[in-house]
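Everything numeric here is computed off the predicted structure, so don't read it as measured data. Just so you know, residue 1 is the first one in the sequence shown, and it goes up from there.
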Amino acid sequence: MLVKDFMTPVVYKISEDQTILEARELMMRKNLLSLPVTDDLMRLRGIITMTDIGKASPGAGSTLSKYEANYLLGRLLVKDIMSRNVVTVNADDSIEYICYQVYKTRVNAFPVVDENNKVCGIIAQSDMLKAFVKAFGLHHPCTRITVTVKDGVGVLADIARIYKENEINILSLYTRVDSELGESEIVVRANLDNHMDIIEQIREAGYNVTDVMTIRGMT
């Protein structure tokens, strides 16, 4: 799964010499939380967020009228409050890498740039969640079986073999490793008519089935 498969290629943008009022109106009209700031050649100059605009706006306790507050925002320019140190990504980066960047930086959206630093898209947390919904097959009805195993070579292949021998299609499979215990949780989502047969075969193979859940599918 790559960024280019889930990013929004048509990006609303703004220049650094436009006003904060213009930026706020565009974001409110298009329901955006952030805007890339670009030059005339679409090269990235920075980013401005609703949080930035909120910090620059008169607070709730201000005695300014709405007209006066808008007048002040109309005089402030985007370049006065935008962030210049922007975390960017490339179209060929993996979704996993972007999720790590979200975890590390707490940034909600990333401009996607090419080798010339030109903006070619934007990817937000909602896009990443959409990617994982598809990856995990969450939109398909299925039976979700969790197996706890000791770390070892061939364990994953052995469990997958049981499904293959029963001609059962696996929708998604992922693992969570507990290094301290030397164990892994293997979560398998598949189309099953009778999950009790599979559970019995997995246990006969020496593995511990710790959870079973039937999921109707999500929309």
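With sequence neighbours excluded, the residues forming a salt bridge (charged side-chain N to carboxylate O under 4.0 Å, His left out) with D39 are R43, listed by chain and number. D40 is linked by a side-chain hydrogen bond (donor to acceptor under 3.5 Å, both in side chains) to nothing, counting only residues two or more places apart in sequence or in another chain. Applying the salt bridge (charged side-chain N to carboxylate O under 4.0 Å, His left out) rule to K130 yields no partners; only residues at least two apart in sequence or on another chain are considered. Here D52 pairs with T49 under the side-chain hydrogen bond (donor to acceptor under 3.5 Å, both in side chains) rule; sequence neighbours left out. Evaluation of the ring pair (Phe, Tyr, Trp, His ring centres under 6.0 Å) rule for F132 yields F136 as partners, not counting sequence neighbours. Partners of Q125 under the side-chain hydrogen bond (donor to acceptor under 3.5 Å, both in side chains) rule, at least two apart in sequence or in another chain, are N108. With sequence neighbours left out, D211 forms a salt bridge (charged side-chain N to carboxylate O under 4.0 Å, His left out) with R144. Listed by chain and number, the residues in a side-chain hydrogen bond (donor to acceptor under 3.5 Å, both in side chains) with T51 amount to none (sequence neighbours excluded). For Y97, there are no ring pair (Phe, Tyr, Trp, His ring centres under 6.0 Å) partners, not counting sequence neighbours. The salt bridge (charged side-chain N to carboxylate O under 4.0 Å, His left out) search around K118 returns none, not counting sequence neighbours.
At least one side-chain heavy atom of I20 sits under 4.5 Å from a side-chain heavy atom of I81.
A salt bridge links R161 to E165: one of the charged nitrogens lies within less than 4.0 Å of a carboxylate oxygen.
Nearest heavy-atom pair, T19 versus I14, reported as atom, atom and distance to 0.1 Å: O-CD1, 4.4 Å. In terms of heavy-atom proximity, L35 sits nearest to A23 at CD1-O, 4.0 Å. The two atoms that bring L171 and C142 nearest to each other are CD1-CB, 3.7 Å, heavy atoms only.
Here salt bridge (charged side-chain N to carboxylate O under 4.0 Å, His left out) pairs that include residues 8-22, with residues two or more places apart or in two chains, are E16-R45, E16-R84, D17-K79.
Judged purely by distance below 3.5 Å, without hydrogens or angles, the side chains of N169 and Y163 never pair a donor atom with an acceptor atom.
With side-chain heavy atoms closer than 4.5 Å counting as contact, directly or through intermediates, the hydrophobic cluster containing V119 also holds V11, M42, L44, I47, V86, V113, I122.
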